[in-house]
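Structure first, then comments.
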Amino acid sequence: MPSFPYFSVLTTFGVFCALFAIILQGFFASQDLKRITEILSNLLLLENLDVVSQRVAVGYGSCKDIYVPATQFLNYTLTQCREECVGGEISNRHDLFENFGYFFQRGAAAERYTSNKSLFDELVEEAKERTLDTSWSMGGNAPMMARRFHLEGANVLLGAQMTKELRKAIPEDIIVSYPSSIDQDDVHLIMEYRSGEKWGPFRAPRANRFILHNDQNNPTLSVLESLDAYLKDFNPRLFVVSGLQMMDNFPFPDGIRVTRLSKVRKQITSLPSSALVHFEMASYVEIDLIDQLLEYVIPYSDSVGMNEQELENLQRFLSTGTITLAADSNPRVAKTLRQMREIFTAIRTLPVNNPQRRTLTRIHVHTLAYQAILIANESEWKNVVNAAAKAALTAHRHVCGTDHINPDMASLILDDSFATTMNPGDPGSQRIKINSRDPVSCWQESISETEVTICVAPVLVCKSARQTAGAGDNISAAGLILQI
């Protein structure tokens, strides 16, 4: 019996500890909210920059997107993918399950072509008919970027073909190069999932999407010639090349893809030197196509934009001639910076025997946790601090589907500080602390004897993602508009 007082003390102590933990948790939550609010306020100040309206041309292509909740649409019990899924070509439902599972368990974005038109049509019909949270919208890299440039005040020329119905989704004062409407839009099936969502034994480490398509118009760049007819008179300050991933694994007759890419190069080189050229990377899996982009497109671009998956692929291909289907979905800043430096040097030193080549002067990498922009100091790119801030805010707005950013709906994944190199002993290595009052961290360094400025901005990650598809297009366009 005398042991009861001890139990009473232990119970009291346990209650006290639980209350203390709740109070402590509340304190830390309030401190996090205070920090997020302060970072948000200062990012908003940086993004609020008056710029002169510029002329922007964007190519190529367009489509209609149909959105479905991935884990509801793809029934895990119907797959044989039980422990480790694999990626590859998609010619049947089994391949689709394997590919989706491969990228889902890694939280990696993917865009894949299927040559099986009947399979694709069946999937689209299922998406229409099933009682899911299904929605339709305008899609395609070029239209998404064009609309963002227009929202930011630019005069926009869009190289795209579309039906009359899809044209209604484009603001009327955006010039569309294709003179007449087409009978049927290409369709992309976009399977979205949220962070922590489960599919069988797999759990998504972050929100993302898996895109499947069977495009017939976009891979052939059928708008090239119509865009040519407008470009000279339009005289753009910026020309954006996007949508070339539609060529990936498409069954071209021999030599046709190279012929079309050579026309892209001709279109770029026809521009005056006063025009800046940006190439928006995407999800590529065909090594031959990446090799062709490094011959016909990338050496003629002043700027390239990409996410962490595309960064890993490009860096790996430039250094080893190989690619990876999926990379770390949330890489540390030091790793991203190392890859950016290597790509910057490798592209600028590509052996291109053409006097019309351009010199890469800008790289923008957008990740879940942060935005990183590198510019050469002698280049024409302006306002890099403001551009990084705007890109970070645009990421939250697009994914959350809102114009107003609520600090309660945001979280910070980026650590309180980050290293600028993988090895602390490297020359110029430093550790940078994120300052809530000055949240965009910038510094200067020399890469292969070229003086550059690098800026890193934290992203206020949306806690409840509504849409990840199109995020990169909006982010890239928002960053570019302040730098031209």
Ile373 CD1 to Leu480 CG distance, which is reported to the nearest 0.5 Å: 8.0 Å

Euclidean distance, Phe317 CZ relative to Thr322 OG1, rounded to 0.5 Å: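 Taking OG1 in Thr322 and CZ in Phe317, the distance rounds to 9.0 Å.
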
Between [Y] and [X], is there a side-chain heavy-atom distance shorter than 4.5 Å?
X	Y	answer
Gln444	Asn377	yes
Ser62	Leu166	yes
Leu212	Leu123	yes
Ile375	Val452	no
Ile447	Thr345	yes
Tyr113	Met246	no
Phe97	Cys85	no
Met144	His398	yes

For atom [atom1] of [X], decide whether the heavy atoms of other residues, nucleotides or ligands shown that lie under 6.0 angstrom number more than 12.
X	atom1	result
Arg332	CZ	no
Arg130	CZ	yes
Glu126	CD	yes
Gln184	CD	no
Glu172	CD	no
Asp173	CG	yes

Give a yes or no on whether a salt bridge exists between [X] and [Y], defined as a side-chain N under 4.0 angstrom from a carboxylate O.
X	Y	result
Lys128	Glu125	yes
Lys390	Glu152	yes
Arg338	Asp426	no
Glu38	Lys34	no

Aromatic plane relationship, Phe202 with Tyr76 - under 30° parallel, 30 to 60° tilted, over 60° perpendicular: perpendicular

Whether Phe100 and Trp199 hold their rings parallel, tilted or perpendicular, with breakpoints at 30° and 60°: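 Rings of Phe100 and Trp199: perpendicular, as their planes differ by over 60°.
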
Under 3.5 Å: donor-acceptor pair, side chain of [X], backbone of [Y]:
X	Y	value
Glu342	Gln339	no
Asn435	Arg437	yes
Thr79	Asn75	no
Thr367	Tyr370	yes
Asp186	Asn217	yes
Ser476	Asp473	no
Tyr284	Gln245	yes
Asp215	Asn218	no
Thr134	Ala127	yes
Thr420	Gln430	yes

Given Glu111, Gln309, Arg112, Glu310, the one that forms side chain to side chain donor-acceptor pair (under 3.5 Å) with Ser283: Arg112

Test applied, side chain to side chain donor-acceptor pair (under 3.5 Å); reference residue, Ser303; option that passes from Glu280, Arg362, His364: Arg362

Set of residues satisfying ring-ring contact (aromatic ring centres under 6.0 Å, His included) with respect to His188, sequence neighbours excluded: His213

No-hydrogen, no-angle side-chain donor-acceptor test under 3.5 Å, Arg148 and Asn474: yes

Residue pair Tyr67, Glu192: steps toward the side chain to side chain donor-acceptor pair (under 3.5 Å) verdict: CA-CA 7 Å; Tyr67 290 84; Glu192 296 252 14; 5.0 Å; no

Leu311 to Thr336 - nearest heavy-atom pair and separation: CD2-CG2, 3.7 Å

Arg106 to Tyr102 six-membered ring, cation-pi geometry met (6.0 Å, 45°):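 Satisfied, under 6.0 Å and within 45°.
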
Phe104 and Tyr193: CA distance, side-chain angles, deciding distance, ring pair (Phe, Tyr, Trp, His ring centres under 6.0 Å) verdict: CA-CA 8 Å; Phe104 176 85; Tyr193 52 86; 4.8 Å; yes

Qualifying residues under disulfide (SG to SG under 2.5 Å), relative to Cys63, sequence neighbours excluded: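 By the disulfide (SG to SG under 2.5 Å) rule, Cys63 matches no residue at all.
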
